[in-house]
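In what follows, residues are counted from 1 in the order of the sequence shown. Whatever order the structure lists ligands and atoms in, that order sets their numbers, starting from 1. Quick caveat, the model's predicted, so the values are computed rather than measured.
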Amino acid sequence: MHQMDSAGNEQSIAPEIIGDVHDSIRAIQWLDNRLCLLDQRRLPFEECYQYPVDAVEVAGAIRDMVVRGAPAIGITAAYGVVLAARNRYAQSPDGWRDLLAEDIRMLASARPTAVNLSWALRRMERHSAAIAGDPVGELLNEARRIHAEDLAANRRMGEHGAGLLRAGDSVLTHCNTGSLATGGYGTALGVIRSAWRAGGLNRVFAGETRPWLQGARLTAWELTRDKIPVTLITDNAAAYLMQTKQVQWVILGADRVTANGDVINKIGTYNLAISCRHHGVRFMVVAPCSTLDFTLDDGQDVEIEQRPAEEVLNLAGRRIAADGAAAWNPAFDITPAGLVDYLVTENGVIQAPDRQKLAALKPASP
Ligand code: MRU
């Protein structure tokens with residue numbers, strides 16, 4: 001399927017088409033007029049899919065982490081708007097727009113930290129404002145465009161980021177930033193994919209990423225599935241890995257980058273940035289422009305999602321903590337811009353990001 005973009009260029013909007021042996025996974029697909037989500041709670045043991053039918057079910061899938069990762073959440077919500085519009089137009093051909101606005105507000109509240117969610121919803125809402133008649137076809141085109149643009153951005157970031165690595169470098173990554181977390185290919189994992197494909201990487205280490213274990217369950221699954229060897233470490237082993245000079249880079253993604261360059265990402269990112277600076281290991285953040293939030297001055301203003309204590313107190317459904325213990329479980333942390341060596345976006349690489357350098361990436365219109 002092809003579509004014209006606003007500049008009149010022909011654009012592919014078939015993002016479900018997969019790449020080669022090192023790029024074989026798509027977690028979000030629009031198939032036979034249905035949204036199909038790979039259920040990430042069940043990986044790596046079971047590959048099963050969910051087919052949400054309305055905005056309530058899509059919001060539930062985002063909240064319950066059937067789908068997770070900043071860009072993936074935004075793309076899923078965009079398809080959620082298509083499902084919502086289909087239902088609302090059938091319910092009220094004249095009043096669908098107001099009903100859809102309620103659905104969009106509900107989708108926006110599913111998870112608070114990743115800015116890609118509100119970014120994608122704003123774009124869908126703006127697009128819906130100009131539609132006369134049945135909105136479904138036009139909104140589906142816009143959702144697929146958001147999806148295809150993310151995939152294309154990831155491929156570009158892969159090239160930009162891989163270009164910074166030297167042959168034989170080894171890297172540590174955190175959380176899951178791959179095809180599972182995006183429209184495909186991945187952000188930080190896209191850089192690792194591109195570098196691996198070019199033959200430039202020695203070893204890839206992944207932190208297990210307690211408590212939800214995105215590294216152990218998802219990144220290890222994704223990389224082994226895509227024939228990229230991976231070595232898992234406990235999160236606690238990262239500083240020692242650096243001290244023993246086994247990695248030259250930490251490469252990871254972001255859920256939000258504020259105007260001054262602060263990076264909000266999976267809990268543990270800040271620890272890694274501090275360890276990198278101490279050991280002279282370079283720290284690379286890979287994030288599409290849809291993750292940049294120019295409305296917030298710095299990271300302290302971002303709402304950090306607090307997740308249930310049970311994620312810390314239990315492991316694989318079994319209690320591991322002493323009875324009576326409480327738990328504090330923030331899902332993300334804030335890394336000050338000053339600890340970031342490189343910010344890679346689809347529009348280029350920024351070394352030592354700061355407010356002035358980021359401003360150059362600001363879109364012309366909000
Ligand atoms: O809680 P999650 O799994 O949604 O958190 C995901 C992350 O923190 C990723 O690092 C981030 O979204 C960037 S992914 C491309």
Side-chain angles (χ1 to χ4, degrees), residues 25-28 37-41 43 61-77 110-120 147 150-151 153-158 161 172-193 206-222 235 250-257 263-273 283-293 299 302-308 311-312 329-335 340 343-346:
I25 298 161
R26 293 293 175 266
I28 308 164
L37 301 174
L38 175 56
D39 189 342
Q40 302 192 28
R41 300 167 307 177
L43 290 172
I62 293 171
R63 197 180 43 248
D64 298 342
M65 313 258 290
V66 170
V67 60
R68 31 66 48 204
I73 292 172
I75 293 161
T76 300
R111 286 189 80 188
T113 304
V115 73
N116 306 61
L117 179 58
S118 51
W119 173 88
H147 192 170
D150 184 67
L151 181 56
N154 291 339
R155 291 205 162 111
R156 279 204 295 280
M157 292 191 292
L172 169 64
T173 190
H174 188 55
C175 195
N176 171 269
T177 62
S179 288
L180 293 172
T182 63
Y185 205 77
T187 56
L189 224 53
V191 169
I192 289 168
R193 217 182 281 285
E208 61 178 352
T209 319
R210 275 281 288 156
W212 214 74
L213 298 174
Q214 285 92 335
R217 298 193 306 103
L218 305 181
T219 297
W221 178 80
E222 181 169 338
D235 300 318
V250 165
I251 306 180
L252 35 64
D255 280 74
R256 201 184 283 242
V257 178
V263 171
I264 291 78
N265 190 50
K266 180 52 57 193
I267 191 76
T269 299
Y270 181 37
N271 304 28
L272 290 171
F283 187 80
M284 184 197 299
V285 176
V286 187
C289 290
S290 56
T291 303
L292 307 181
D293 182 358
V302 176
E303 180 181 351
I304 300 294
E305 178 183 5
Q306 295 288 330
R307 294 197 51 90
E311 288 183 355
V312 175
N329 187 16
F332 302 96
D333 60 23
I334 305 159
T335 298
V340 178
L343 173 65
V344 174
T345 75
E346 69 272 37

Structural part of Trp212 in contact with ligand 1, heavy atom criterion under 4.0 angstrom = neither
Distance-minimising heavy-atom pair for Pro288 and Pro71 | CG-CG, 4.4 Å
Under a heavy-atom criterion of less than 4.0 Å, does Leu252 contact ligand 1?
-> no
Looking at ligand 1, does any of its N/O atoms fall within less than 3.5 Å of an N/O of Asn176?
-> no
Counting from 1, what ligand 1 atoms have a heavy atom of Arg111 closer than 4.0 Å?
-> 1 (O), 2 (P), 4 (O)
Does His174 approach ligand 1 within less than 4.0 angstrom via side chain, backbone, both or neither, non-hydrogen atoms only?
-> neither
Element-labelled atoms of ligand 1 that are located less than 4.0 Å from some non-hydrogen atom of Thr182 = 15 (C)
Heavy atoms from other residues, nucleotides or ligands near CZ of Phe283 exceed 12 (cutoff 6.0 Å) | yes
Closest non-hydrogen protein atom to atom 15 (C) of ligand 1, residue and atom name please, with distance?
-> Thr187 OG1, 3.1 Å
What do we get for Ala254 next to ligand 1 when only non-hydrogen atoms under 4.0 Å count, side chain, backbone, both or neither?
-> backbone
Of all the non-hydrogen atoms in the protein, which one sits nearest to atom 7 (C) of ligand 1, and at what distance?
-> Asp255 OD1, 3.2 Å
Looking only at heavy atoms, is any part of Cys175 under 4.0 Å from ligand 1, and if so is it the side chain, the backbone, or both, or is it neither?
-> side chain
Which atoms of ligand 1 are found less than 4.0 Å from any heavy atom of Ala70?
-> 12 (O)
Within 4.0 Å of some non-hydrogen atom of Phe332, the atoms of ligand 1 are 1 (O), 5 (O), 8 (O)
Is the closest heavy-atom distance from Ala114 to ligand 1 below 4.0 Å?
-> no
Give a yes or no on whether the backbone of Asp255 and the side-chain of Thr291 come within a donor-acceptor separation of less than 3.5 Å.
-> no
Are Trp212 and Arg41 close enough that some pair of their side-chain heavy atoms sits under 4.5 Å apart?
-> yes
Just let me know how Thr291 lines up against ligand 1, side chain, backbone, both or neither, with a heavy-atom cut-off below 4.0 Å.
-> neither
Do Arg68 and Gln214 have side-chain N/O donor and acceptor atoms under 3.5 Å apart?
-> no
Contact atoms of ligand 1, heavy-atom distance to Gln214 under 4.0 Å = 1 (O), 2 (P), 3 (O)
Is it the side chain (CB and beyond), the backbone, both or neither of Lys266 that lies under 4.0 Å from ligand 1, heavy atoms counted?
-> both
Examine ligand 1 and decide if any of its atoms is less than 4.0 Å from a heavy atom belonging to Glu305.
-> no
Show which atoms of ligand 1 fall inside a sub-4.0 Å distance from at least one heavy-atom site of Gly69.
-> 4 (O), 6 (C), 12 (O)
Can you list the ligand 1 atoms lying under 4.0 Å from a non-hydrogen atom of Met65?
-> 1 (O)
Looking at atom 10 (O) of ligand 1, what's its closest protein heavy atom, distance included?
-> Asn265 OD1, 2.7 Å
